[in-house]
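Reviewing the structure listed below.
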Amino acid sequence: MDAETEKRIAAEAAALLVEDGMRVGLGTGSTVAHLLPALAARGLSIRCVATSPQTEEAARALGLEVEDAAEVDHLDIAIDGADQIAPDWWLVKGGGAAHTREKIVAAAADRFVVIADSSKLVSRIRPPVPLELVPFGLAGTLRRLRDVELRDVPPSPDGGVIADYTGAVGGPEALDAWLGSVPGVVDHGLFPPAMVAEVIVGRGDAVERPKRLI
Ligand code: 5RP
């Protein structure tokens, strides 16, 4: 079974978790692209927040109501893809450069649900880890980060420079703390297990809900 089918069935399973009246966070990427029509097809009365202009445009085109994230302090559920999912549920996100907004939306949700094809399950987190950097003082930030590559993509919608940390990961917890402490780093793509409520993975033509291994 191909990756697109696995993404679609994971996304369709997650769409069933959404209930009438909910406020819903929508992630970004090719897996979320399958979520949006599945959600729209349910015909629920829901209000959404989008993590990227691409998702916002696609959601609106399907008739989903999208609100200004600046005005929404709480979401019932957020659903998003991932680039890597470790057995203990540490995640790497940001392949689509939306990780800063995605982390804000995940943190605002009672329930953050990760959807993915089976290739995203990894035995351990490895580089690259996406970064969003403040343009001011960029050369100094890059020097402090040492192992970093600028991505050849436009700035984020919030004006951030997109890059990837390419050094050793070791323990994600320590890297999470260190990247978060470097002046000039807006945010990075490591998401801690405590943020994740559920993982839904398509494998072949079946949906798996792997438990978190501690
Ligand atoms: C975007 C993300 C995506 O969720 C992640 O890159 C997975 O993308 P896809 O669903 O296309 O495989 O973090 O910033």
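Residue numbers start at 1 and run along the sequence shown. Small disclaimer: the values here were computed from a predicted structure and weren't measured.
A donor-acceptor pair under 3.5 Å is formed between the side chain of T55 and the backbone N or O of G27. D147 places no side-chain N or O within donor-acceptor distance of the main-chain N or O of T166, the cut-off being under 3.5 Å.
Residues V186 and V161 have side chains not in contact (no heavy-atom distance under 4.5 Å, counting atoms from C-beta outward). Looking at V114 and F191, their side chains never come closer than 4.5 Å, going by heavy atoms from C-beta outward. Taking the side chain as every heavy atom from C-beta outward, K120 and V201 never approach each other to under 4.5 Å. Counting heavy atoms from C-beta outward, V92 and R126 have side chains that stay 4.5 Å or more apart. Using a 4.5 Å heavy-atom cutoff, the side chains of L190 and Y165 are not in contact.
Cluster partners of I79 are I9, L17, V18, M22, V24, L26, V32, L35, L36, L39, L44, I46, L62, L64, I77, V113, I115, I200, V207, counting Ile, Leu, Val, Met, Phe, Trp and Tyr whose side-chain heavy atoms approach within less than 4.5 Å, directly or via other members.
The list of salt bridge (Lys or Arg N to Asp or Glu O under 4.0 Å) pairs with a residue in residues 163-186, not counting sequence neighbours, reads R151-D164.
The existence of a salt bridge linking E4 and R8 is excluded, since no basic side-chain nitrogen approaches an acidic carboxylate oxygen closer than 4.0 Å.
Partner of K93 under the side chain to side chain contact (heavy atoms under 4.5 Å, CB included) criterion, chosen from K103, E102, H188: E102.
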Walk me through it: do V185 and L133 pass the test side-chain contact (heavy atoms from CB on, under 4.5 Å)? CA-CA 5 Å; V185 174; L133 309 174; 3.8 Å; yes
